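Quick notes on the structure that follows.
Just so we're clear, the structure is a prediction, and the values are computed from it rather than from any experiment.
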Amino acid sequence: MKTYETVMKLALERGFYFPSCEIYSDALAGFWEYGPTGTKIKNNFIELWRRELLRRDDMIEIDGSQIMSRSVFVASGHLDNFTDPILKCKNCGSTFRADRYITEKTGKDVPELLSGNEIDKLVNQYNLKCASCKGTFHESSRFNMMFKVEIGPSKEEAYLRPETCQTIFVDFSRIFKTMRGRLPLAVAQVGKSFRNEIAPRQSLLRLREFYQAEIEVFCNPNRLNDLPKFEQVKDTRLTLFIDNSARDISAQEAVEQGLLPNKLVAYYMSLLAMFYSRTGLSMERTRFRKLSDDEKAFYASTAFDFEVETSNGWLELVACNYRSDYDLSKHAAISKQNLNVIDPSNNTKVLPHIFELSMGIDRSIYSILEHSYYEDLESDRVVLKLVPQIAPILVGIFPLVTKDGLREKAQEIHAMLKLDYPVFYDESGSIGRRYRRLEEVGAPFALTIDNQTMNDDTVTIRYRDSMKQERIKVSDIAKVLDTIIKSK
RNA sequence: GCGACGGUCGUCCAGUUUGGUCUAGGACAUCAGAUUGCCAAUCUGGUAACCCGGGUUCAAAUCCCGGCCGUCGCACCA
């Protein structure tokens, strides 16, 4: 059974990921490290993302700061909207989201942005008590999910970014000019974001410090259906989950039937689906779920979550948000910069709208591991069926025995390949044991150097999933590996 | 953040009820040597742990208190 526990166990045993600072007893929840194997998988995932999304669509990529000034988050709305009013019980310490709690108890609609004084007044007026123990509340306070940092000796107020996209927004003007941009322009970034989660849980699934890969598509809102390259993806099958029912539909039909608002949104959602299908996720266990109004982020006008089914239920991997001009208009207003650009197709000035694909990398890695985990009961083995592009090791190189010159021959082949391919040399233990160890970390191939190698310069290549073996020439190894890696 | 339960080698578990025999044991994994040589073979030897801090006691893995972490439930999830 592929469960969270079995994947977690493998991750700990094989160095995929593990808790941060674990040798100290005051290690904090919500922080995890990628070990050597996990780092390779993560890097491979990001490289595949670059290949299948950025290069395919000629996107540009930046790498921005993680600490950003206060004004950025005034403009983005995070200082207001990212802050929850909290009621804390004096007696048992239970905390409640103040606005929702008051609404729930009194039936009154309470705006989220109510001041602390007004909240305390309502609490007194209705004589609200703690739901757990009937205790009285402290004065209401605010909890901000952003990590605040102090810069320099004057302790200038700044924040760790809670989403990577803000750097793309604030850099937009310069990027557009220096890169001779034209709408639609997709700008991508991979990096860390930070959120002070109240209850981080389940290792990579809810972290306080986590990786995002975000793509922000700047577009002319009047030309969302003027997108010739949509032709390339119009037949892509998408699973749309709307109003509690799933439908499998082509990108073109989805636009025609109004399930997706326009070609631009459909185009990028199609690219995203194509990318994930290459990571080894089981696509029949994924869907784009349309968010209802009360689920949407405060900046989104249309929102789909790309979700994957795991042993814990459906998990959000990617937020696909049509953010309209929310971000650029706010940044333009607060920074007093003009962020309009010219659309040369009709020489009009526009403030671009933004459609974003905001991917959670850590969750994606976990989901790929879980979907790849396979217990082969017949052969009594655990196999991680990672695709070659994601696997931390592409091929293991094993001398069948260490005598008769086989060790030296194997080391020679290893040296020949190691600069160009992720290979792994191993001569310890029986050959079967080495195969087992290799497939447990998802390596799809093994090359075995045997006595015949010494006579005719061929090796066996063993396929992880079928356990079948073939002989290939040593001089052909690179060609065979290239074919595998570069397969479409 | 609240509540319940839990935390012992890399992993899984025994030991805690009833403090002493625990100098903490086993299995798997791992390392070295021997032997074998195409699917986790065998033998020998080794490395390796009581979450942290305080308390009770002649004596603490074991009892008590606090912290941290984990699982689950509630709440939260921009």
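- Here A/T458 pairs with A/Q452, A/D456, A/R471, A/K473 under the side chain to side chain contact (heavy atoms under 4.5 Å, CB included) rule; sequence neighbours left out.
- Spacing between atom CZ of A/R381 and atom P of B/A40 amounts to 11 Å, rounded to whole angstrom units.
- Residues A/W32 and A/S20 have side chains not in contact (no heavy-atom distance under 4.5 Å, counting atoms from C-beta outward).
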Can you give each donor-acceptor pair under 3.5 Å made by side-chain atoms of residues 163-170 of chain A, sequence neighbours left out, with the distance rounded to 0.1 Å?
residue : atom : partner : partner atom : Å
A/E163  : OE2  : A/Q166  : NE2          : 2.8
A/E163  : OE2  : A/R323  : NH2          : 3.4
A/T164  : OG1  : A/E214  : OE1          : 2.5
A/Q166  : OE1  : A/H331  : NE2          : 2.8
A/T167  : OG1  : A/T164  : O            : 2.7
A/T167  : OG1  : A/Q189  : OE1          : 3.4
A/T167  : OG1  : A/Q189  : NE2          : 2.6

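- Between B/C52, B/C39, B/G37, one nucleotide has an atom nearer to the side chain of A/S25 than all others, and that is B/C52.
- Here A/D404 pairs with A/N451 under the side chain to side chain contact (heavy atoms under 4.5 Å, CB included) rule; sequence neighbours left out.
- Straight-line distance between the P atoms of B/G66 and B/G26: roughly 36 Å, to the nearest whole Å.
- One cannot find a donor-acceptor pair under 3.5 Å joining the base of B/C51 and the side-chain atoms of A/Y24.
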When every nucleotide of nucleotides 70-77 of chain B is labelled 5' to 3' by its protein contacts under 4.0 Å (heavy atoms), B for base, S for sugar-phosphate only, - for none, what sequence of letters results? SSBBBBBB

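- Here, B/U18 and B/C63 have their P atoms 9 Å apart, quoted to the whole Å.
- A/P392 is listed as a side-chain neighbour of A/L386, based on a closest heavy-atom distance under 4.5 Å.
- Under the rule for a ring pair (Phe, Tyr, Trp, His ring centres under 6.0 Å), the partners of A/Y366 that lie at least two apart in sequence or sit in another chain are A/Y4.
- A cation-pi contact links A/R287 to A/W314, judged by a cut-off of 6.0 Å to the six-membered ring centre and 45° from its axis.
- A donor-acceptor contact under 3.5 Å is formed by the side chain of A/R462 with the base of B/C39.
- Listed by first and then second residue, the ring pair (Phe, Tyr, Trp, His ring centres under 6.0 Å) pairs involving residues 437-465 of chain A are A/F445-A/Y463 (not counting sequence neighbours).
- If you check every strand for non-hydrogen atoms under 4.0 Å, A/L12 touches sugar and phosphate atoms only.
- Within residues 439-450 of chain A, the residues that have a heavy atom under 4.0 Å from RNA chain B are, in order of number, A/E440, A/T448, A/D450.
- If you find the closest nucleotide of RNA chain B to A/I23 and to A/S379, the one lying nearer the 5' end belongs to A/S379.
- Residue A/G429 is classed as a base contact, given a heavy-atom separation below 4.0 Å to a base.
- Scanning both residues, A/N144 and A/M146, for their nearest heavy atoms gives OD1-N, 2.6 Å.
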Report each atom pair, protein N/O against N/O of nucleotides 42-47 of chain B, whose distance is under 3.5 angstrom.
none

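- A donor-acceptor pair shorter than 3.5 Å cannot be found between the side chains of A/Y326 and A/S76.
- Here B/A41 presents its P atom at 11 Å from CG of A/D380, a figure rounded to the nearest Å.
- The shortest heavy-atom contact between A/C320 and A/M269 is SG-CG, 4.3 Å.
- The base of B/C38 lies close enough to the side chain of A/Q469 for a donor and an acceptor atom to sit less than 3.5 Å apart.
- Taking the P atoms as reference points, B/C12 lies 22 Å from B/C5, given to the whole Å.
- Summarising the geometry of A/L207 relative to A/E197, their closest heavy-atom pair is O-CG, 3.8 Å, with the distance given to 0.1 Å.
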Take nucleotides 24-30 of chain B nucleotide by nucleotide from the 5' end and write B, S or -, depending on whether a protein heavy atom sits under 4.0 Å from the base, only from the sugar-phosphate, or from neither. -----SS

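- The distance between the ring centers of A/Y276 and A/F306 falls below 6.0 angstrom.
- Across B/G67 and B/G1, the matching C1' atoms stand 16 Å from one another, rounded to whole Å.
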Watson-Crick and G-U pairing of RNA chain B written in dot-bracket, each distance under 3.5 angstrom, with | for inter-strand partners: (((((((..((((......[....)))).(((((.......)))))....(((((..]....))))))))))))....

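- For the P atoms, the distance from B/A59 to B/C74 is 46 Å, rounded to whole Å.
- Every residue meeting the side chain to side chain contact (heavy atoms under 4.5 Å, CB included) condition with A/A319, not counting sequence neighbours, appears here in chain and number order: A/D305, A/E316, A/N321, A/S358.
- Here the closest heavy-atom approach between residue A/A391 and residue A/N44 is recorded as O-ND2, 2.8 Å.
- A/F45 pairs in a ring pair (Phe, Tyr, Trp, His ring centres under 6.0 Å) with only one of the listed residues (A/Y211, A/F275, A/Y34), which is A/F275.
- Comparing B/C9 with B/A29, their C1' atoms are spaced 11 Å from each other, to the whole Å.
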Acceptor/donor pairs from residues 422-433 of chain A side chains to any protein atom, 3.5 angstrom cut, sequence neighbours excluded:
residue : atom : partner : partner atom : Å
A/Y425  : OH   : A/E427  : OE1          : 2.7
A/D426  : OD1  : A/S428  : N            : 3.1
A/D426  : OD2  : A/R437  : NH2          : 3.2
A/E427  : OE1  : A/R407  : NE           : 3.0
A/E427  : OE2  : A/R407  : NE           : 3.3
A/E427  : OE2  : A/R407  : NH2          : 2.9
A/S428  : OG   : A/R437  : NH2          : 3.3
A/S430  : OG   : A/R433  : N            : 3.3

